[in-house]
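Input: a single structure, listed below in structure tokens.
Below, chains carry the letters A, B, ... as their sequence lines are ordered, and counting in each starts from 1.
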Amino acid sequence: MPKDRKVAKKWTADEYIDDLFQKKDAGKLPMPNPPFFLGMEVFYLPIGQDVLRDIDMKRYERLVSRGAVLQRRYDPTTATHIVSENGAKVTATRLGINSVLDIPEHIRTVNGAFLGHLVSCYGSGTHVRTLPNGRKDYENAHWPGREDFDDPKLAAFTERIKKIEEIPVAPPPQVRRRHGERRLSSPQPPARSDTEDEDEDPRFKRNPTKSRQLPTPSQSSDIISRSSSPGLPPTSSPTPYDDEKADSDPLAEFYSKAREEAELGLNDESEFVDYTNHGHKRGVRTITHTPPSVWSVDNPRPTASCLNQDIIDELERLHLIHSSRPFEEDAWRAFSYKKCIRNIKNHPIRIKNGNEARQIYGVGEKTASKINEFLTTGKISRITHELSKGDVAAVKLFTGIYGVGSHTAYNWYTLGLRTLEDVRRGKGGVKLSPCQETGLKFYDDINLRMPRAEAEEIFLMIKPIALAIDPKLSVDIMGSFRRGKADCGDIDILITRPIHDGKTHAGVMARLWAGLHKARILTEDLALPSNMEDSLECTYRGLCSLPVPDSRRRRIDILMLPWQYRGAALLYYTGDDIFNRAMRFKAGKMGYSLNQRGLYAGVVRNPNKRTEKTNQGNIVASETEEEIFKILGVPWQEPWQRVRGA
DNA sequence: GCACAGACTAG
DNA sequence: CTAGTC
DNA sequence: GTGC
Ligand SMILES: O=c1ccn([C@H]2C[C@H](O)[C@@H](COP(=O)(O)OP(=O)(O)OP(=O)(O)O)O2)c(=O)[nH]1
Ligand SMILES: [Mg+2]
């Protein structure tokens, strides 16, 4: 079939790509060795509109044979590169977007010559290390030539590149639905300077506590190019162009490198804050100050926000319906809808029909059809139908109780319970666990997020208490706070201790726990460490509040673990959760396993009981976040760039 | 047809 | 082991 | 439910 292809058959891009991958899977496609396109997820815009030209086929073949993943449909959430010989306007149209400026910054836009450039750089071979599973680690090999995406001869849409350089950080317009929403210009740990945690408007300043390094101002280009090959200078290729088969092309635009499986990769996302609810005062005053953010954000994204908000709303309903039901199928459906929601939120253009929706990654036939139904009839009958049952509302209400999940909530509903009052009365004979009792008692407080300033204030009271126990402790505030969010759902604290003096933090949790209760900061416990007394590793969950009248209860989690695991722990605890899952997902695909202790090679799991490890594996990285990113081939991302959840 | 992250505590 | 949570 |  290869031969026919050129001669007779007129191929469309889809057919050709299918054929290529079919051959590849059948082992019939020559895969010459240095896979210098490995890790790249490319959307190649053929020169031939309907029927591919020879040059298009050659490029497709080259991309695949050298390891690239091709996108049949442009999907900005996973694409790392767009290769186009067309002009900006044509390209935008064919990608289904308004302007090439809408292409997320992490995606490199290049021309065909870029492909030839890499061929000339690496066509003959390179040194590559060997992975734990015995294979060559092409995944993480460095291909510095890929960084030449901004070379005028290799780039596409120079206006885009220029734009990116000018913009400190151009977060994709993230859409936010809540009221007080607004974008924060600084993704950095913006901290509110003033008082009233009243929320709406805090002026943010810069990073407060010792925490993180400042976001590099040159951000956006950083985001784009800085990647997994830190330290490696972009090498210019020896030979200016052409490759094995000579293919030089002018065009250009593109690039990106983290081909992340799905969600990893750079997602610039500089945080923008949504002030959701904090709305209750309770005086809190912050002590934070931070240099003005370099990122004055405001990105030029034309499409400000939700062009598809109405569709998102419907999908949120579907998500809610399925997450309310305690059946496994529903859980995965909910998982899928969440993914659709995230991707549609990033979709820069208005979806006009089911077909268009179907093009978006994560949106399958079923969902596309529902979207189509909504677009044509104004509603989705399935939703109307399911919501009329009443269980969804009840489950939503009950799961608001900390410690009550969909199973318990659904059971209560089945028993006839409908209100929190029913729960309090123990209707149907329901019994609450201690933690659920507390959850019910502080239902409102627990379901509110707190102003960042309050999280900081509480943390600044806790830290000295910890340091008084042992001044060598490393105590940091993590989670959404570290990511720079303006409001936090809880306070996440990470504690560890250097081991260089031969001492450890054994017993610290017990003392800290006692000290915090004594200081009236901890108010209720929700889950105690299995071994507070002497373990170096433990988790505490509870409620806390500023020790002043009228302060609200806030959720707090304290995680403690050995110094050697600090990098992995930092990574884990910084999140966000979606980012972590994407990272772990990728690690798994690469033969590794990633958890809060480290990145492991050779972990073998019981195929029947997924959580059980047959072989524990060997730790390959854990002391720094950087090494983990690097080994996984994920471009370095500052905490505030690790936002994947909506 | 299978994976979708991986771990800790409560009971 | 299941449920709930990070 | 979706993608491979
Ligand atoms: O299912 C989860 C939940 C959390 N985490 C990690 C990432 C997250 O950032 C951190 C702290 O969890 P938390 O629930 O506090 O989330 P957050 O990111 O801090 O957000 P919030 O502001 O709601 O607390 O633990 C996970 O890996 N998986
Ligand atoms: Mg948190």
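- For the OP1/OP2 pair of B:dA7 and a distance below 4.0 Å, the side-chain nitrogens and oxygens of A:Asn595 include at least one atom meeting the criterion.
- The OH-P distance, from A:Tyr565 to B:dC8, rounds to 10 Å in whole Å.
- We find that CE of A:Met532 is positioned 15 Å from C1' of B:dC8, with the value rounded to whole Å.
- If you take CZ of A:Arg610 and C1' of B:dA3, they are 9 Å apart, rounded to a whole angstrom.
- Residue A:Leu432 contributes atom CG, which lies 12 Å from atom P of B:dG11 at whole-angstrom precision.
- Using bins of under 30°, 30° to 60° and over 60° for the plane-to-plane angle, the ring pair A:Tyr413/A:Tyr410 lands in the tilted bin.
- Geometrically, A:Arg642 engages A:Trp636 in a cation-pi contact, judged by NZ or CZ lying under 6.0 Å from the ring centre and within 45° of the ring axis.
- Here the closest non-hydrogen pair linking A:Asn343 and A:Tyr361 is ND2-O, 2.7 Å.
- With hydrogens and angles left out, the side-chain atoms of A:Trp513 and A:Asp525 include a donor and acceptor closer than 3.5 Å.
- When the nucleotides D:dT2, B:dG11, B:dG6 are ranked by their closest atom to the side chain of A:Ser433, B:dG11 comes out on top.
- Residues A:Val620 and A:Ala601 come closest through the heavy atom pair CG1-CB, 3.7 Å.
- For A:Tyr60 and A:Tyr44, the gap between ring centers is short of 6.0 Å.
- Taking atom CZ of residue A:Phe335 and atom C1' of nucleotide D:dG3, one finds them 11 Å apart after rounding to whole Å.
- Here A:Leu528 lies in heavy-atom contact (under 4.0 Å) with sugar-phosphate atoms only.
- Out of D:dG3, B:dG6, B:dC4, the shortest distance to the side chain of A:Tyr361 is found at D:dG3.
- When the P atom is compared between D:dG1 and B:dA7, the two are found 30 Å apart, to the nearest whole Å.
- One atom, NZ of A:Lys339, and another, C1' of B:dA5, lie 14 Å apart when rounded to the nearest Å.
- One interatomic measurement links the two molecules: CD1 of A:Ile628 to P of B:dG6, which rounds to 14 Å at whole-angstrom precision.
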Which atoms of nucleotides 2-6 of chain C (N or O only) lie under 3.5 Å from a protein N or O atom, and what are those distances?
from  : atom 1 : to       : atom 2 : distance (Å)
C:dG4 : OP1    : A:Gly405 : N      : 2.9
C:dG4 : OP1    : A:Gly405 : O      : 3.3
C:dG4 : OP1    : A:Thr408 : N      : 2.9
C:dG4 : OP1    : A:Thr408 : OG1    : 2.4
C:dG4 : OP2    : A:His407 : N      : 3.1
C:dG4 : OP2    : A:His407 : ND1    : 3.0
C:dG4 : O5'    : A:Gly405 : N      : 3.3
C:dT5 : OP1    : A:Gly403 : N      : 2.6
C:dT5 : OP1    : A:Val404 : N      : 3.4
C:dT5 : O3'    : A:Tyr402 : OH     : 3.2
C:dC6 : OP1    : A:Arg555 : NE     : 3.4
C:dC6 : OP1    : A:Arg555 : NH2    : 2.9
C:dC6 : O3'    : A:Asp557 : OD2    : 3.1
C:dC6 : O2     : A:Tyr572 : OH     : 3.0

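- Here A:Trp332 lies parallel enough and close enough to stack on the base of B:dC4, with planes under 30° and ring centres under 5.5 Å apart.
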Pairs under 3.5 angstrom only: tabulate donor-acceptor contacts from the side chains of residues 558-569 of chain A to other protein residues two or more places apart or in another chain.
from     : atom 1 : to       : atom 2 : distance (Å)
A:Arg566 : NH1    : A:Trp563 : O      : 2.8
A:Arg566 : NH2    : A:Glu623 : OE1    : 3.2

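- At whole-Å resolution of the value, CG in A:Leu632 and C1' in B:dA5 are 13 Å apart.
- Phosphate contact (OP1/OP2 of B:dA7, side-chain N/O of A:Lys613, threshold under 4.0 Å): present.
- Across all strands shown, A:Pro326 has no heavy atoms under 4.0 Å from either base or sugar-phosphate atoms.
- Taking every side-chain heavy atom of A:Asn531 into account, B:dT9 is the closest of B:dT9, B:dC4, B:dG6.
- Phosphate contact (OP1/OP2 of D:dG1, side-chain N/O of A:Arg333, threshold under 4.0 Å): present.
- Look at the C1' atom in both C:dG4 and B:dA5: the space between them is 16 Å, to the nearest Å.
- Counting non-hydrogen atoms under 4.0 angstrom, A:Lys609 reaches the backbone sugars and phosphates but no base.
- The side chain of A:Lys370 has D:dG1 as its nearest neighbour among B:dA10, B:dC8, D:dG1.
- When each of B:dT9, D:dG1, B:dA7 is scored by its nearest atom to the side-chain atoms of A:Ser530, the top-ranked nucleotide is B:dT9.
- Remark: A:Lys613 engages A:Asn595, A:Val603, A:Arg605, A:Gln616 in a side-chain contact (heavy atoms from CB on, under 4.5 Å) (not counting sequence neighbours).
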